[in-house]
Protein chains: 2
Amino acid sequence: MDKDISQAVIGRLPRYLRYLGELKDKNVERISSSELSVLMKVTASQIRQDLNNFGGFGQQGYGYNVDYLYNEISKILGLEHQYNFIIIGAGNLGKALGGYLNFEKRGFILKGMFDKAPELIGTDVRGVKVMPMEDLPSFIRNNSIDIAVLTIPKEGAVPVSKVLVDNGIRAIWNFAHVDLDVPEYVQVENVHLSDSLMKLSYNISSYNENNA
Amino acid sequence: MDKDISQAVIGRLPRYLRYLGELKDKNVERISSSELSVLMKVTASQIRQDLNNFGGFGQQGYGYNVDYLYNEISKILGLEHQYNFIIIGAGNLGKALGGYLNFEKRGFILKGMFDKAPELIGTDVRGVKVMPMEDLPSFIRNNSIDIAVLTIPKEGAVPVSKVLVDNGIRAIWNFAHVDLDVPEYVQVENVHLSDSLMKLSYNISSYNENNA
DNA sequence: GTAGAATTGACAATATTTTAACATAAGTTG
DNA sequence: CAACTTATGTTAAAATATTGTCAATTCTAC
């Protein structure tokens, strides 16, 4: 029944949510698409179009109720669910993500961390112990883990992703610099940091060339 | 003179570079757009179209020379330059980025780290010492810093970005969960990790709903 | 309660992006 | 070296995405 929403639209929803959250904090009760468009530096038309993919959240002559819209977007993004997640790779990046408290507020609960380095086993991040890789399969099966976060070097990522999928993982947040090859029913969100840095590099050089 | 290349195209270049690098490592000398399209799971047409934004790198009947194309894309991305960068925020995320050796291979040289927490001052990441925020302005001016990486909580990000820009920074890699407000001549690349996690959350719930 | 102002949701018009098609040039084979 | 194959670069077509417009509805003020 859901028509297919483009990833471009989905990609904008978290930003809407962020701005609406800020408005909530400032006790703003209502906002029109054109006011919001000024704040967010996008067109009012785009805001209305995006929101109307999911149904009419506003009211003519009034605009949008901030609280209501915030909650609706949260629901669309699936943030009313609770997700259990594990982190594979307990280096600085893994620890950073494990320590990020805002994820927990959104319903993402860190259940375990794994690493192959013996010296890391047993250390903990906010009370969550780092376990050896051998324990991974049984841990996933026994703790209803929804999401696996991959913060290991690219060499290990593909084999580890196979272990994850074989043991029932259906969503991977992939920070390894490689494309995973998983069945279509497994959702993968890639964060390729060096790609992002290269884009910045391009924009620096391109700006410099055009303004030399 | 450069016509304006869309950010969609730029965003794909690092991935091309990654696959070409792997082919180089395997001593593959030449590749056609259709072979590459199979590897990368995109259309051959898109590859040719993307590359032709920058000129003809291939040869009819032959395809593309892997080494040559790799170098050309590197140049386009500005990777033949060397960039000095600093990291503001020496928490786990800052340390993770500072410790990532591949950045150095690409010409991104970590020159300094900064934090406001007294207990972090003087600690070091790969020989680079963490300095107090007071030293930031003079350090930028005296060490030709090109890029500042912002890995601090959102509250501090906007004021710190003003200090950066006032002291000559022209590029910011922003991990703080807030939109910066900087002059147009300052390049900003945002990495909003929680946005990325929310996208994953959406795709999980959306898949579940459509396959219930 | 009525008139006027505000603002959505829907639709139409543009603009951009992606994919397909193909003429042309270069490589390859016997 | 001629015929055939390969594969680019380019142009055209199709698909998506974004922006603009406006009728219809609701709010607000008097």
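Proteins get letters first, then strands, A, B, ... in listed order; numbering begins at 1 in each. Note that these values count all heavy atoms, side chains included, but never hydrogens, waters or copies made by symmetry.
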**Student:** With ring-ring contact (aromatic ring centres under 6.0 Å, His included) as the criterion, how do A:Trp173 and A:Tyr83 come out once you've worked through the C-alpha distance, each side chain's angles and the decisive distance to 0.1 Å?
**Tutor:** CA-CA 13 Å; A:Trp173 199 17; A:Tyr83 298 98; over 10 Å; no
**Student:** Check DNA chain C against residues 20-37 of chain B and give the residues with a non-hydrogen atom under 4.0 Å, in numerical order.
**Tutor:**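 Those residues are B:Arg30.
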**Student:** Looking only at side chains, do A:Asp179 and B:Tyr19 share a donor and an acceptor under 3.5 Å apart?
**Tutor:**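 Result is yes, a qualifying pair exists.
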**Student:** I want to check something: taking the side chain as every heavy atom from C-beta on, are A:Ile145 and A:Asn167 in contact at a cut-off of under 4.5 Å?
**Tutor:**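 A side-chain contact under 4.5 Å is absent here.
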**Student:** For the CZ atom of B:Phe139 and the CZ atom of B:Phe114, what is their distance to the nearest 0.5 Å?
**Tutor:**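 Here the interatomic distance stands at 5.0 Å.
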**Student:** Just the rounded figure in Å: distance from C1' of D:dT16 to CG of A:Asp50.
**Tutor:**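 To the nearest whole Å, that distance equals 13 Å.
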**Student:** Expressed as a whole number of angstroms, how long is the span from B:Ile47:CD1 to D:dT8:P?
**Tutor:**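 Going from B:Ile47 (CD1) to D:dT8 (P), I get 9 Å.
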**Student:** Starting at the 5' end of DNA chain D and moving along, which residue's nearest nucleotide shows up first, A:Gln7 or A:Gly61?
**Tutor:**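 Nearer the 5' end of the strand: A:Gln7.
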**Student:** So, using side chain to side chain contact (heavy atoms under 4.5 Å, CB included) as the criterion, who are the partners of A:Ala148 when residues are at least two apart?
**Tutor:**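 Listed in chain order: A:Ile86, A:Leu164, A:Ile169.
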**Student:** In whole angstrom, give the distance that lies between atom OH of B:Tyr62 and atom C1' of D:dG9.
**Tutor:**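 Between C1' of D:dG9 and OH of B:Tyr62: 17 Å.
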**Student:** Provide, to the nearest angstrom, the distance between the CG atom belonging to A:Asn65 and the P atom belonging to C:dA6.
**Tutor:**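 The answer, rounded to whole Å, is 20 Å.
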**Student:** Have B:Asn174 and B:His192 got a donor and an acceptor in their side chains that come within less than 3.5 Å?
**Tutor:**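 Not at all, the side chains of B:Asn174 and B:His192 share no donor-acceptor pair under 3.5 Å.
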**Student:** Would you check if A:Tyr202 and B:Ile5 make a side-chain contact, meaning some heavy-atom pair closer than 4.5 Å?
**Tutor:**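 Contact flag for A:Tyr202/B:Ile5 side chains = yes.
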**Student:** Of B:Tyr64 and A:Ala8, whose nearest nucleotide on DNA chain D comes first from the 5' end?
**Tutor:**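 Residue closer to the 5' terminus by nearest nucleotide: B:Tyr64.
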**Student:** Would you list the protein and nucleotides 19-21 of chain C atom pairs, both N or O, that sit under 3.5 Å from each other?
**Tutor:**
{"residue": "C:dT19", "atom": "OP2", "partner": "B:Thr43", "partner atom": "OG1", "Å": "3.2"}
{"residue": "C:dT19", "atom": "O4", "partner": "B:Gln49", "partner atom": "NE2", "Å": "2.9"}
{"residue": "C:dA20", "atom": "N7", "partner": "B:Ser45", "partner atom": "OG", "Å": "2.7"}
{"residue": "C:dA21", "atom": "N6", "partner": "B:Arg48", "partner atom": "NH2", "Å": "3.2"}

**Student:** Can you tell me how far the CD1 atom of B:Ile10 sits from the OG atom of A:Ser201, to the nearest 0.5 Å?
**Tutor:**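 OG of A:Ser201 is found 10.5 Å from CD1 of B:Ile10.
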**Student:** Can you find a donor-acceptor pair, distance only, under 3.5 Å between A:Gln60 side chain and D:dT26 base?
**Tutor:**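 Between D:dT26 and A:Gln60, which were checked side chain against base, a qualifying N/O pair under 3.5 Å is absent.
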**Student:** Figure out the CD1/C1' separation between B:Ile10 and C:dT17, and round it to whole Å.
**Tutor:**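 It is 14 Å, rounded to the nearest whole Å.
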**Student:** Starting from C1' on D:dT10, measure out to CG on B:Asn53 and report it in whole angstrom.
**Tutor:**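 My rounded result for the distance is 12 Å.
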**Student:** Stepwise, does the side-chain hydrogen bond (donor to acceptor under 3.5 Å, both in side chains) test hold for B:Glu35 with B:Ser32?
**Tutor:** CA-CA 5 Å; B:Glu35 290 170 305; B:Ser32 69; 3.2 Å; yes
**Student:** Tell me whether the side-chain N/O atoms of B:Asn52 come closer than 4.0 Å to OP1 or OP2 in D:dT8.
**Tutor:**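 No.
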**Student:** Within the structure, does a side-chain N or O atom of B:Arg12 lie under 4.0 Å from either OP1 or OP2 of C:dT18?
**Tutor:**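 It does, given that an N or O in the side chain of B:Arg12 lies less than 4.0 Å from OP1 or OP2 of C:dT18.
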**Student:** CZ of B:Phe54 versus C1' of D:dT8: gap in Å, rounded?
**Tutor:**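 Nearest whole value for this atom pair: 17 Å.
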